[in-house]
Protein chains: 2
Amino acid sequence: MKKISSRTIARALLYLRTLETLIRDGKDTVSSRELARITGLTDVQIRKDISNFGKVGTPGVGYNVAELKKVLEDIVLAKKVIRMALFGAGHLGTAILKYPAFGKQKLRIVAAFDRDKRKIGRTINGVKVYPVEKAPEIIRKNRVDIGIIAVPPESGQKVADLMVLSGLKAIVNFAPVSLNVPGAVSVRDIDLSIEFLSVYCDTQK
Amino acid sequence: MKKISSRTIARALLYLRTLETLIRDGKDTVSSRELARITGLTDVQIRKDISNFGKVGTPGVGYNVAELKKVLEDIVLAKKVIRMALFGAGHLGTAILKYPAFGKQKLRIVAAFDRDKRKIGRTINGVKVYPVEKAPEIIRKNRVDIGIIAVPPESGQKVADLMVLSGLKAIVNFAPVSLNVPGAVSVRDIDLSIEFLSVYCDTQK
DNA sequence: GACTGTGAATAAGTTCACAGCT
DNA sequence: AGCTGTGAACTTATTCACAGTC
């Protein structure tokens with residue numbers, strides 16, 4: 001099978017999200033044109049993306065919503081639950097712990113870590129906060145897939161090191177600092193300041 | 001002046017962030033190679049990006065940190081404060097209101113909006129929460145540049161409509177829903193589920 | 001020798017144009 | 001007629017290769 005670019009995968013996840021709302025609305029068929037209208041992408045882009053995953057559509061009709069969802073899920077996601085560990089139970093960390101959309105999905109935060117004695121031992125939205133030292137053990141025991149960094153920038157690299165040491169291969173980093181990790185580990189950086197500044201710049205030039 | 005792609009601008013903002021830490025560390029010169037090591041990009045990419053903004057470096061030496069920072073700031077950002085308005089004072093909204101890094105930057109949240117009577121009138125981290133109805137007036141009066149959507153997905157489009165109506169040209173959307181807005185408005189979507197799933201997929205294929 | 005800046009080459013991503021199915 | 005699927009054309013972004021500066 002030809003390898004699928006990470007941009008295509010991100011769009012596939014967007015299609016999945018869209019399909020879920022279509023299912024809720026009782027639609028059972030959708031055309032690339034309509035998906036385009038909803039998502040803001042072009043219809044060709046959508047057909048091209050979906051064609052990566054096989055011939056799913058019916059000419060003259062469109063895609064069967066349930067079938068397309070199944071195909072995208074099978075290829076883009078394994079069906080198992082994806083386990084995450086959160087580092088940093090501050091404001092942002094707590095917001096992530098309480099993020100409601102995870103509930104309906106395969107995403108599950110299985111443990112949180114912090115160094116603050118006052119936070120350790122607490123349970124936030126059903127997730128227990130452990131001392132950072134316990135991370136390697138807990139991460140391995142729970143077969144965690146993704147590490148989330150929501151600590152201040154000066155601790156970001158230390159946490160990343162600990163994640164690598166614990167065997168994590170995927171990191172989402174909210175700390176505004178560039179992480180140095182082995183090439184086999186993939187990192188998605190989300191620096192809120194950069195996101196805001198960057199959309200603002202888009203409107204200027 | 002040739003127009004600069006939005007990806008280049010995003011990297012420029014990353015360089016700025018990096019330069020700020022270099023300044024804190026007392027460095028006054030940096031090579032593209034070193035910036036590459038820190039950011040994880042390539043040195044050529046960095047030189048190419050910076051060359052978009054003029055000839056700033058000194059061959060054999062590198063870039064003067066303060067000068068490069070000034071050049072990037074002048075071109076990528078106006079020097080003025082960038083004003084933001086937040087919609088939705090739930091967990092995520094509150095985390096954004098309390099996000100410490102904005103303090104040191106040009107980013108300022110000037111108002112928050114919510115429909116929940118219990119939240120309206122409160123002040124979170126110095127920002128007052130207003131009823132949604134007041135948004136157009138307050139946004140115009142304060143010359144807000146960016147709207148932030150941190151409401152549940154079912155209210156996302158309504159909030160986006162209100163933002164467009166209020167004259168906002170830049171939106172950062174944390175609600176997991178595709179927004180329909182005029183082409184002149186630029187939107188940056190951050191769907192946490194998609195971000196997590198997508199970094200996980202990167203490690204799988 | 002160590003570095004920047006850049007045209008040329010390459011790669012990646014998107015859009016076009018249309019063949020083919022229902 | 002109304003769609004999907006896809007090779008080919010095009011556009012955008014990255015990397016190479018190296019001339020030129022300090």
- Note on the structure: Nearest heavy-atom contact between B/Ser32 and B/Arg47 is OG-NH1, 3.0 Å
- Note on the structure: To the nearest angstrom, the CG-C1' distance between A/Leu68 and D/dC3 comes to 15 Å
- Does A/Leu68 reach the side chain of A/Leu16, with side-chain heavy atoms less than 4.5 Å apart? no
- d(CZ, B/Arg33; C1', C/dG1) in whole Å: 12 Å
- Parallel, tilted or perpendicular: which describes the rings of B/Tyr130 and B/Phe113, with under 30° parallel and over 60° perpendicular? tilted
- For the side chain of A/Lys48, counting heavy atoms from C-beta on, which of D/dG5, D/dG7, C/dT6 is nearest? D/dG7
- Does A/Arg7 get its side chain close enough to the base of C/dG13, under 3.5 Å, for a donor-acceptor pair? no
- Item | Value in whole Å for how far the P atom of D/dA13 lies from CG of B/Asp49 | 11 Å
- Item | Selection from D/dG5, C/dC21, C/dT14 that lies nearest to any side-chain heavy atom of A/Pro59 | C/dC21
- Closest-nucleotide 5' rank along DNA chain C - winner of B/Ile50 and A/Val44: B/Ile50
- Look at all strands and tell whether B/Ser5 reaches a base, only sugar-phosphate, or nothing, counting heavy atoms closer than 4.0 Å. sugar-phosphate
- Quick one: A/Lys55 NZ to C/dT22 C1', roughly how many Å, whole number? 14 Å
- Message: Counting only side-chain nitrogens and oxygens, does A/Tyr63 get under 4.0 Å of the OP1 or OP2 atom of D/dG5?
- Response: yes
- note: A/Glu34, atom CD; D/dG2, atom C1'; distance rounded to Å ~ 14 Å
- Atom pair distance, as rounded to whole Å: CG in B/Asn64 and C1' in D/dC22: 15 Å
- Message: Please report the distance, rounded to the nearest Å, between CD in A/Gln45 and C1' in C/dG13.
- Response: 8 Å
- N or O in side chain of A/Ser32 less than 4.0 angstrom from D/dT4 OP1/OP2: yes
- Task: Could you tell me whether the side chains of B/Arg17 and A/Ser193 share a donor-acceptor contact shorter than 3.5 Å?
- Result: no
- Item | B/Glu20 and B/Arg24 ion-paired at < 4.0 Å | no
